[in-house]
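In what follows, a single structure is set out as structure tokens and then discussed.
Chain A is the first sequence line, chain B the second, and so forth, proteins listed ahead of strands; every chain is numbered from 1.
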Amino acid sequence: MTQALVWFRQDLRIKDNPALANANQIGNVLPVYIFDDTVPEEGSMGGASRWFLHHALESLNKALDNKLLIFKGDPKEIIPSLCKSAQCQHVFWNRMYEPWAISRDSIIKTTLKSMDINATSSNGSLLWEPMSVLKKDGTPYKVYTPFYKNGCLKQAPPRYPVNTHHTKFAESSVEFPDLARLTISDLQLLPKIKWDEKFYEMWDVSENGAQDKLAHFITSSIDNYDEQRNIPSVEGTSLLSPYLHFGLISPNQTWYAVVDAFEGIDSAKERKGVGVYLSELGWREFSYYLLFHFNHIQRENFNSKFNIFPWKNDTQSKQDLTAWQTGNTGIPIVDAGMRELYKTGYMHNRVRMIVGSFLVKNLLIDWRRGERWFWDCLVDADTASNAAGWQWVAGSGADAAPFFRIFNPILQGEKFDKQGEYVKTYCPELSNLPNKYIHKPWDAPPIILAEAGITLGEDYPHPIADLSATRKRALDAYSSIKKAV
DNA sequence: ATATAATTGGT
DNA sequence: CCAATTATA
């Protein structure tokens with residue numbers, strides 16, 4: 001019987017896995033995961049991602065009847081070596097779109113071809129292939145709305161999820177003389193310091209866990225998604241991002257679960273929620289699209305005018321960065337967000353924009369500092385979404401928020417966390433402060449602070465930035481690069 | 001060519 | 001009102 005190697009990467013699922021489905025049709029499947037220790041620094045997984053990956057692999061291995069083969073090293077060597085040892089004539093994988101992954105995979109494809117082995121890659125993680133969405137003049141879109149509405153929605157609908165039952169596994173007696181077969185624990189993905197306790201409450205890292213999140217979202221949140229998704233104290237978003245990143249669920253499963261559930265529903269309200277959610281999946285597509293067509297956006301400004309932007313990098317701003325990272329800026333909504341991130345490996349989307357704007361605009365710290373911190377702390381850390389998101393906030397990106405649009409964290413807090421519930425969850429020392437001051441404790445009269453049991457500078461920090469002064473400073477910095485070529 | 005819509009905002 | 005850029009009519 002023919003042996004087919006399935007190389008799992010960011011598609012850690014059984015259902016709707018095109019590579020696995022293809023392999024099933026060919027013969028016996030040899031499922032493989034390789035922890036690639038040759039990825040460049042910018043793609044090397046951060047702590048939270050590694051935590052998620054550990055559990056995702058455990059779940060996948062279980063679903064594969066404990067047949068998953070684990071290795072660590074250079075896939076460019078391991079994949080061909082595996083094919084030799086196991087006499088595989090076919091290799092299947094689902095495509096990744098990180099630039100380093102694209103070049104790695106094309107090298108592997110060439111090697112395999114030279115060995116007379118069939119290598120087949122499929123699209124398992126995007127609704128529309130980036131190369132097939134272009135403007136009429138043949139160049140890529142740089143603005144989201146026309147990209148999504150004209151580029152994506154007007155072409156063929158996304159692939160419908162495929163069935164992948166009946167996997168037959170290759171002989172387990174195959175030996176790999178040249179390779180060390182590892183266990184998942186051998187990869188040492190779990191943190192040495194116990195900062196991940198809260199992660200377990202929040203994330204059921206399994207394919208079923210992803211399906212549960214999706215089902216729960218469809219029954220309880222999507223009809224009010226339009227408004228509720230902006231309220232961080234409410235579970236109004238899908239919470240699917242880490243599952244989508246590691247491929248425990250595909251965007252196709254998500255897209256059609258949502259579309260099918262609301263087929264025939266007339267309620268304009270619910271239909272709106274669905275439309276807005278689908279367009280958020282569109283934003284994910286747009287991020288991958290930009291990374292695919294403009295590889296440099298991961299490390300460099302999409303808009304090169306920002307290359308001379310006067311980011312601050314002095315002693316003060318190093319302290320500011322630490323205060324931001326640890327949630328001690330003295331701006332409640334910012335601190336709540338940063339503490340949520342560190343505790344749970346996640347941060348609400350609305351709050352990501354607020355903390356991002358504060359770092360980049362009020363503190364004038366290079367967006368890449370924020371990008372790196374998010375990369376290390378987020379369980380859903382994703383090269384495309386992270387880079388596109390930060391550049392959007394910084395104003396340096398495609399279809400970015402213009403730099404002069406500077407979020408005011410007090411107003412954002414008062415608008416989206418009216419009762420201060422979110423702030424109080426992550427900054428409990430502010431729990432007894434009246435709503436009126438919950439987003440600006442420094443404005444509270446001394447008596448109110450005393451009654452709330454807060455001494456600023458002791459129980460909770462003084463704000464590290466004057467919002468209106470730093471706003472002006474940001475506008476000046478921006479106009480300094482505006483004139484530049 | 002030139003106008004207009006669109007882009008998770010603040011004063 | 002402020003203001004930058006892109007896509008398309």
From CG of A/Leu475 across to P of B/dG10 the rounded distance in Å is 13 Å
Is the NZ or CZ atom of A/Lys361 positioned over A/Phe403's six-membered ring, under 6.0 angstrom from the centre and within 45° of the axis? yes
> Think A/Arg350 forms a cation-pi with A/Phe416, using NZ or CZ under 6.0 Å from the six-ring centre and within 45 degrees of its axis?
Replying inline: yes
*asked:* Check this for me: A/Arg9, atom CZ, are more than 12 non-hydrogen atoms of other residues, nucleotides or ligands nearer than 6.0 Å?
replied: yes
Do any side-chain nitrogens or oxygens of A/Arg471 fall under 4.0 Å of OP1 or OP2 in C/dC2?
no
When rounded to whole Å, the CD to P distance for the pair A/Gln412 and B/dT11 reads 11 Å
Across every strand shown, the nucleotide meeting Watson-Crick or G-U wobble geometry with C/dA3 (both distances under 3.5 Å) is none
Are A/Lys142 and C/dT5 close enough that a side-chain N or O sits under 4.0 Å from OP1 or OP2? no
Can you check the distance between B/dT2 and C/dA3, where both ends of the measurement are the P atom (answer in whole Å)? 23 Å
Does NZ belonging to A/Lys149 count more than 12 external heavy atoms closer than 6.0 Å? no
Item to complete: Kindly say whether the aromatic ring centers of A/Tyr148 and A/Phe286 come within a distance under 6.0 Å.
Response: no
Per atom distances to the A/Asp399 side chain, the nearest of B/dT7, C/dA7, B/dG9 is B/dT7
When rounded to whole Å, the OH to C1' distance for the pair A/Tyr141 and C/dT8 reads 9 Å
### Query
If only side-chain N and O atoms of A/Lys149 are considered, is one of them under 4.0 Å from the OP1 or OP2 phosphate oxygen of C/dT8?
no
Rounded to whole Å, the CD1-P distance (A/Ile410 to B/dG10) equals 11 Å
Inset, instruction - Assign A/Asn150 to base, sugar-phosphate, or nothing according to its heavy-atom contacts below 4.0 angstrom with the strands shown. - result: sugar-phosphate
Testing B/dA6, C/dT8, B/dG9 for proximity to the side chain of A/Phe407, the answer is B/dG9
Next on the checklist: When you measure from the side-chain N and O atoms of A/Tyr144 to the phosphate of C/dA7, is any distance below 4.0 Å, counting only OP1 and OP2?
Outcome noted: no
Quick one: do A/Trp203 and A/Tyr346 satisfy ring-ring contact (aromatic ring centres under 6.0 Å, His included)? Show the steps, please. CA-CA 10 Å; A/Trp203 308 106; A/Tyr346 182 82; 5.5 Å; yes
query: If the P atom of B/dA1 is compared with that of C/dA4, how far apart are they to the nearest Å?
result: 24 Å
Considering only heavy side-chain atoms of A/Tyr478, the closest of C/dA4, C/dT5, B/dG10 is C/dA4
When rounded to whole Å, the CZ to P distance for the pair A/Phe302 and C/dT5 reads 12 Å
Atom OH of A/Tyr148 and atom P of C/dA7 are separated, to the nearest Å, by 19 Å
Looking only at B/dA6, B/dG10, C/dA4, the nucleotide nearest the A/Lys482 side chain is C/dA4
Atom CZ of A/Phe404 and atom P of B/dT7 are separated, to the nearest Å, by 15 Å
Of the candidates C/dA7, C/dA3, B/dT11, the side chain of A/Asn408 sits closest to B/dT11
Whole-Å distance, A/Lys135 NZ to C/dT5 C1', equals 12 Å
